[in-house]
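As structure tokens, the structure follows; a few thoughts come after it.
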Amino acid sequence: MHKHHLLRKTWQGVVIAARTGHVPMFKNGDSMSKNWIDVCAIEELTNDDVKGVQAAGHDLALYHVDGEVFATEGVCNHGNARLCDGYLEGYEIECPLHQGRFDVRSGKAMCAPLTTDIRIYPVKKEKGRVLVEVG
């Protein structure tokens, strides 16, 4: 079996890798292909609450729990209800339509009637702003 080798070189802070299909990475580990979208100021988020936002055509829900910010797709995949209208308790968001709950950290469906997890999005905070990677 052929073994792939990865050649890494640094040029102006960017790690350049020579391997088919490999995306160059920044020193902080961010991919050059990531599409970070500024969605709101951190101060717009209330602790232990959920906020609906739009990012590059995606309907998202942002959750501010214990100083951390999480993002998931904004619509429940079971009942087509907006999760920003749901009830956030700890790390679980309850759908306002059928009371199914998702873990906002993983997107995992926690109970019936939900059977399918929801998509989560990477989040980072920079200079007082919340950015979500939607690429």
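These figures come from a predicted structure and were not determined experimentally. The chain is numbered in sequence order, starting from 1.
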Could you work out, with salt bridge (charged side-chain N to carboxylate O under 4.0 Å, His left out) as the rule, every residue matching [X], not counting sequence neighbours?
{"X": "D48", "value": "none"}
{"X": "E92", "value": "R101"}
{"X": "R129", "value": "D38"}
{"X": "R119", "value": "none"}

**Report entry** Pairs flagged by salt bridge (charged side-chain N to carboxylate O under 4.0 Å, His left out) wherever residues 54-68 is involved - sequence neighbours left out
**Finding:** none
Query raised in the report: Applying salt bridge (charged side-chain N to carboxylate O under 4.0 Å, His left out), which residue pairs with at least one partner in residues 102-115 are found, sequence neighbours left out?
Result: D103-R105
Query raised in the report: Under 4.5 Å between any side-chain heavy atoms of L114 and F102, yes or no?
Result: yes
Query raised in the report: Residues in side-chain hydrogen bond (donor to acceptor under 3.5 Å, both in side chains) with H58, at least two apart?
Result: none
Report summary line: To the nearest 0.5 Å, atom CG of L88 lies from atom CZ of F70 at 10.0 Å
Query raised in the report: Considering residues at least two apart in sequence or located in another chain, which fulfil the ring-ring contact (aromatic ring centres under 6.0 Å, His included) criterion with H64?
Result: none
Taking ILVMFWY side chains as joined if any heavy atoms are under 4.5 angstrom apart, and letting links pass through other members, which residues group with [X]?
{"X": "M110", "result": "none"}
{"X": "V75", "result": "none"}
{"X": "L45", "result": "I37, V39, I42, V53, L60, L62, V69, Y121, V123, V130, V132, V134"}

Query raised in the report: What pairs meet the side chain to side chain donor-acceptor pair (under 3.5 Å) rule with one or both residues in residues 70-88, with sequence neighbours excluded?
Result: Y63-T72, H78-H98
Report task. Tell me, yes or no, whether the heavy-atom count around E89 atom CD, taken from other residues, nucleotides or ligands under 6.0 Å, exceeds 12. Result -> no
Query raised in the report: Is L131 linked to V104 within one hydrophobic cluster, defined over Ile, Leu, Val, Met, Phe, Trp and Tyr using a side-chain heavy-atom separation of less than 4.5 Å?
Result: no
Query raised in the report: Please walk me through it: do V50 and L83 pass side-chain contact (heavy atoms from CB on, under 4.5 Å)?
Result: CA-CA 8 Å; V50 57; L83 293 174; 5.6 Å; no
Query - Minimal non-hydrogen separation, C95 against A81, with atom names - result: SG-CB, 3.8 Å
